[in-house]
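For reference, the structure is listed below as structure tokens.
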Amino acid sequence: MSLITEITDFMAPELDIYARATENQLLNRHEPGKGIFIAESPRVIERALDSGCVPISFLMEKKHVKSQGKGLIARCPHIPVYTADFQVLTQLTGFQLTRGMLCAMYRPRLPEVQEVCRGARRIAVLENIVNPTNVGAIFRSAAALGMDGIILTPASSNPLYRRAIRVSMGTVFQIPWTFWGEKESWPEEGSQLLHRLGFKTAAMALNDNAISIDDPRLREEEKLAIVLGTEGDGLASSTIGECDYTVRIPMSHSVDSLNVAAASAVAFWQLSRQ
């Protein structure tokens, strides 16, 4: 049976991990095996547990212990459960968006790039996308629209940041993903590795040589990696030069570009169709 402890003081040390630890402290770059993330809302927590993530503790409103938190608590019988009145928990930034429940969990081991690509037909590559809201939205679109995996450059925002998890609605736990490592730095080594794994690469970019996203050659590719660039500047010219295709989304009303999250949804829907 879980140990349920009521918290009455916002400064209680049990709340440090939820209220006072920064994202960088939770990430724990010096000891990645001890890294932590915070899952918010019952559905997201459930998806994290389903993916094999290991819980550390729960934090929830008292009323949820016997309602929407009951099943999660029963599923993790030896995990501490901290409860508090709503007035205490609202001092947590953004608590009203969490549906009254948080769970601290250990960060899972990231797979190798080859593991993410194994058996995949369509993957996304995110180059230096730094806004966690955009990262979360891209993951949600990727999961919904036929992507089999995601690979991020090291400068990209971590998908397990709280805002990214929240915006993704927990799909960061449903689609395989990892970061490029030192052995396959992007774009040169990474592009070569994707080619060895059988992928053609498609850079989403505004370019005079770009082909339309509905070009039949793209859908005919057996394996395709869709490469998306950072907010504002887009993909680096060296990345575009390494890719097999440069692809644009036709637009009207003199609009020259879309937000990267919106562009990803269009690209995933169009390029995942057979």
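Just so you know, these numbers use all the heavy atoms, side chains as well, and skip hydrogens, waters and symmetry mates. From a predicted model like this one, the values you see are computed outputs, not experimental measurements.
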Checklist entry - Does a salt bridge link E115 with R109, judged by any charged N lying under 4.0 Å from a carboxylate O? => result yes
Item to check | Under-4.0 Å salt bridge between E6 and K62 | outcome: yes
Checklist entry - Side chain of Y18, backbone of A104: donor and acceptor closer than 3.5 Å? => result yes
Checklist entry - Got a donor-acceptor contact below 3.5 angstrom from the S168 side chain to the I165 backbone? => result yes
Item to check | R162/E40 salt bridge by N-O under 4.0 Å criterion | outcome: yes
Checklist entry - If you measure from CD1 on I123 to SG on C117, what distance do you get to the nearest 0.5 Å? => result 4.0 Å
Checklist entry - For N128, does its backbone N or O pair with a side-chain atom of S156 as donor and acceptor, under 3.5 Å? => result yes
Item to check | Stepwise side-chain contact (heavy atoms from CB on, under 4.5 Å) test for I56 and I79 | outcome: CA-CA 6 Å; I56 299 170; I79 303 303; 5.9 Å; no
Item to check | From CA spacing to verdict: side-chain contact (heavy atoms from CB on, under 4.5 Å), L126, I151 | outcome: CA-CA 6 Å; L126 310 189; I151 307 171; over 6 Å; no
Item to check | Inter-residue atom distance E189.CD - W180.CH2, 0.5 Å rounding | outcome: 10.0 Å
Checklist entry - Just by distance, do the side chain of T178 and the backbone of P111 share a donor-acceptor pair under 3.5 Å? => result yes
Item to check | Gap between atom CD of Q25 and atom CD1 of I17 - 0.5 Å precision | outcome: 10.5 Å
Checklist entry - Taking only residues at least two apart or on different chains, which pairs with a member in residues 43-55 satisfy side-chain hydrogen bond (donor to acceptor under 3.5 Å, both in side chains)? => result D50-R75
Checklist entry - Is a donor on one side and an acceptor on the other found under 3.5 Å between the side chain of D244 and the backbone of K200? => result no
